[in-house]
Colleague: 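Mind looking over this structure? Questions follow.
We use all heavy atoms of the structure for the numbers below, so side chains are in, but hydrogens, waters and symmetry mates are not.
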Amino acid sequence: QIKGSVLARMGQVEQAIETLKSSIVINPNNYQSHNVLGHLYYAANLRNEAEHHFNMALKIDADKVDAQLNLAKIMMDDGDVERAMKKLSHIEQNFPQEPTVKMMIGQAFLENKAYSFAEKTFEKVREMLPEYIMAELYLGIAKLSTGDQKQAEKIILGFNQKYKNVKEGLAAMGL
């Protein structure tokens, strides 16, 4: 499992997948192997395989937040934002202090064009974890969407000056 995770981080995806599959044959109850396989399949745009492995990870340990968030992300990517929001609300009840949950909720609000809710959610994440730089950027995007052009420009330009060549920051500049 560790070898597969290391190979995945090194960009050796095919070897990582084979190693992780072997890990699951040895121990089918290995949460991390299923979770990493889910990520690899998701990155390869193999949604069914990704969903299968995230669900397997949850069968092994339903209390882990990452596999739950990944399933919600697949729902959002598939355009089922309402279902994703229900899942995210359930996850938030179990993990109220987890900023990644709130970040995804904010992103779902953006997808639903509930910009004021998105703005408030990203502000909560910033309060919880001031060093979470993506919350700042998404707050700028939400402010842009609510019509607060000056604040949005200040946040997005500031982000791009501080963190050069971050793809999300460059995309926000495009907006």
Side-chain angles (χ1 to χ4, degrees), residues 5 8-9 11 31-32 34-36 38-45 47 50-51 53-55 57-58 61-175:
S5 295
R9 288 180 191 258
Y31 174 90
Q32 193 61 23
H34 283 290
N35 198 47
V36 174
H39 280 287
L40 292 172
Y41 286 129
Y42 178 82
N45 205 27
R47 297 274 199 274
E51 195 169 348
H53 284 286
F54 291 137
N55 279 319
L58 285 177
D61 190 346
D63 293 332
K64 298 250 182 167
V65 71
D66 50 347
Q68 294 179 59
L69 286 176
N70 290 319
L71 286 170
K73 185 170 180 60
I74 289 172
M75 290 173 201
M76 284 177 52
D77 289 349
D78 290 344
D80 197 350
V81 180
E82 190 172 310
R83 190 168 145 231
M85 279 299 290
K86 287 179 185 175
K87 180 143 190 79
L88 289 167
S89 294
H90 176 73
I91 297 168
E92 185 181 34
Q93 289 174 355
N94 295 325
F95 301 94
Q97 296 304 316
E98 182 58 50
T100 55
V101 175
K102 292 194 183 332
M103 280 296 293
M104 280 198 65
I105 290 171
Q107 292 167 346
F109 281 140
L110 284 176
E111 290 286 324
N112 270 344
K113 298 179 177 29
Y115 302 125
S116 294
F117 288 117
E119 189 175 332
K120 288 176 183 157
T121 303
F122 295 128
E123 285 173 347
K124 283 181 190 174
V125 175
R126 279 184 46 211
E127 290 170 13
M128 290 171 64
L129 200 60
E131 65 274 8
Y132 199 158
I133 62 170
M134 296 311 287
E136 180 78 15
L137 181 62
Y138 275 92
L139 176 61
I141 294 169
K143 286 189 174 291
L144 183 64
S145 301
T146 60
D148 191 350
Q149 185 77 27
K150 285 189 178 207
Q151 270 302 105
E153 283 182 23
K154 181 180 175 187
I155 291 169
I156 294 169
L157 289 173
F159 180 92
N160 279 292
Q161 288 173 349
K162 196 172 185 180
Y163 306 102
K164 303 206 183 306
N165 299 321
V166 175
K167 65 181 178 182
E168 293 87 352
L170 297 173
M173 287 283 287
L175 294 173

Colleague: Can you list the steps and then say if Glu123 with Lys143 is a side-chain contact (heavy atoms from CB on, under 4.5 Å)?
Modeller: CA-CA 11 Å; Glu123 285 173 347; Lys143 286 189 174 291; 3.8 Å; yes
Colleague: Looking at Arg83 and Asp78, is there a salt bridge between them, counting it only when a charged N and a carboxylate O are closer than 4.0 Å?
Modeller: no
Colleague: Any idea which heavy atoms bring Phe95 and Asp63 closest together, and the distance?
Modeller: CZ-O, 2.9 Å
Colleague: So if I apply the side chain to side chain contact (heavy atoms under 4.5 Å, CB included) rule between Glu119 and each of Leu110, Ile141, Leu139, which one comes out positive?
Modeller: Leu139
Colleague: To the nearest 0.5 Å, what is the distance between NZ (Lys124) and CD1 (Ile105)?
Modeller: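 If we round to the nearest 0.5 Å, Lys124:NZ and Ile105:CD1 are 8.5 Å apart.
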Colleague: Rounded to the nearest 0.5 Å, what separation is found between the CD atom of Glu98 and the CG atom of Leu129?
Modeller: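 Rounded to the nearest 0.5 Å, the CD-CG separation comes to 9.0 Å.
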Colleague: Evaluate side-chain contact (heavy atoms from CB on, under 4.5 Å) for Asp77 paired with Arg47, printing each intermediate quantity in order.
Modeller: CA-CA 10 Å; Asp77 289 349; Arg47 297 274 199 274; 3.4 Å; yes
Colleague: Ring centroids only, cut at 6.0 angstrom: are His53 and Tyr41 within range, meaning strictly under it?
Modeller: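 Centroid distance His53-Tyr41: below 6.0 Å, so yes.
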Colleague: Thinking salt bridges, do Lys73 and Glu51 make one under a 4.0 Å N-O criterion?
Modeller: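 Salt bridge absent between Lys73 and Glu51.
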Colleague: To the nearest 0.5 angstrom, please state how far the CD1 atom of Ile155 sits from the CG atom of Leu144.
Modeller: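 Interatomic distance, Ile155 CD1 to Leu144 CG, rounded to 0.5 Å: 10.0 Å.
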Colleague: Using every non-hydrogen atom in the two residues, find where Ser116 and Thr146 come nearest and quote the distance to one decimal.
Modeller: N-CG2, 3.8 Å
Colleague: State, to 0.1 Å, how close Val125 and Ala135 come at their nearest heavy-atom pair, and which atoms those are.
Modeller: CG1-CB, 3.5 Å
Colleague: What's the separation between atom NE2 in His90 and atom NZ in Lys86, rounded to the nearest 0.5 Å?
Modeller: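 Answer for the NE2-NZ pair, His90 versus Lys86, is 13.5 Å.
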Colleague: To the nearest 0.5 Å, how far apart are NZ in Lys162 and CG in Leu157?
Modeller: 14.5 Å
Colleague: Any heavy-atom pair between the side chains of Asn55 and His34 that's under 4.5 Å?
Modeller: no
Colleague: Does a side-chain heavy-atom distance below 4.5 Å link Phe159 with Val166?
Modeller: yes
Colleague: Apply the ring-ring contact (aromatic ring centres under 6.0 Å, His included) test between Phe122 and each candidate in Phe109, Tyr115, Tyr132, Tyr138; give the one that qualifies.
Modeller: Tyr138
Colleague: Applying side-chain contact (heavy atoms from CB on, under 4.5 Å) to Ile74 and Phe54, what does each step give before you reach the verdict?
Modeller: CA-CA 10 Å; Ile74 289 172; Phe54 291 137; 3.9 Å; yes
Colleague: For Lys87, which residues count as a side-chain contact (heavy atoms from CB on, under 4.5 Å) partner, sequence neighbours excluded?
Modeller: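 With sequence neighbours excluded, Lys87 shows a side-chain contact (heavy atoms from CB on, under 4.5 Å) to Leu71, Ala72, Met75, Ile91, given in chain and number order.
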Colleague: Within a reach of under 6.0 Å around CZ of Phe117, are more than 12 heavy atoms found that belong to other residues, nucleotides or ligands?
Modeller: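 Incorrect, the count does not exceed 12.
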Colleague: Kindly give the heavy-atom pair with the smallest separation between Gly106 and Ala118, and that separation in Å.
Modeller: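 Smallest interatomic distance, heavy atoms only, reads O-CB, 3.6 Å.
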Colleague: Indicate whether any N or O donor in one side chain lies under 3.5 Å from an N or O acceptor in the other, for Glu153 and Gln149.
Modeller: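 Gln149 and Glu153 do have a side-chain donor-acceptor pair below 3.5 Å.
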Colleague: For Ser5 versus Gln32, what's the shortest heavy-atom pair and its separation?
Modeller: OG-CG, 4.5 Å
Colleague: Look only at the side chain of Asn35 and the backbone of Ala57, and say whether a donor-acceptor pair between them is shorter than 3.5 Å.
Modeller: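 Not at all, since once roles are kept as given, no pair shorter than 3.5 Å links the two residues.
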Colleague: Quick one: ring pair (Phe, Tyr, Trp, His ring centres under 6.0 Å) partners of Tyr31, sequence neighbours excluded?
Modeller: none
Colleague: Could you point out which residue of Lys102, Gln93, Met104 forms a side chain to side chain contact (heavy atoms under 4.5 Å, CB included) with Leu88?
Modeller: Met104
Colleague: Report yes or no: does Asp80 contribute a side-chain atom to a donor-acceptor pair with the main-chain N or O of Met76 at less than 3.5 Å?
Modeller: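 Looks like no, no N/O pair under 3.5 Å.
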Colleague: Please round to the nearest 0.5 Å and tell me the distance separating atom CG of Leu175 and atom CD1 of Ile156.
Modeller: 6.5 Å
Colleague: Output all residues satisfying ring pair (Phe, Tyr, Trp, His ring centres under 6.0 Å) with Tyr42, sequence neighbours left out; order by chain, then residue number.
Modeller: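 Ring pair (Phe, Tyr, Trp, His ring centres under 6.0 Å) check on Tyr42 returns nothing, list empty.
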Colleague: So which heavy atom on Leu170 is nearest to which on Asn160, and how close?
Modeller: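 Closest approach of Leu170 to Asn160: N-OD1, 3.5 Å.
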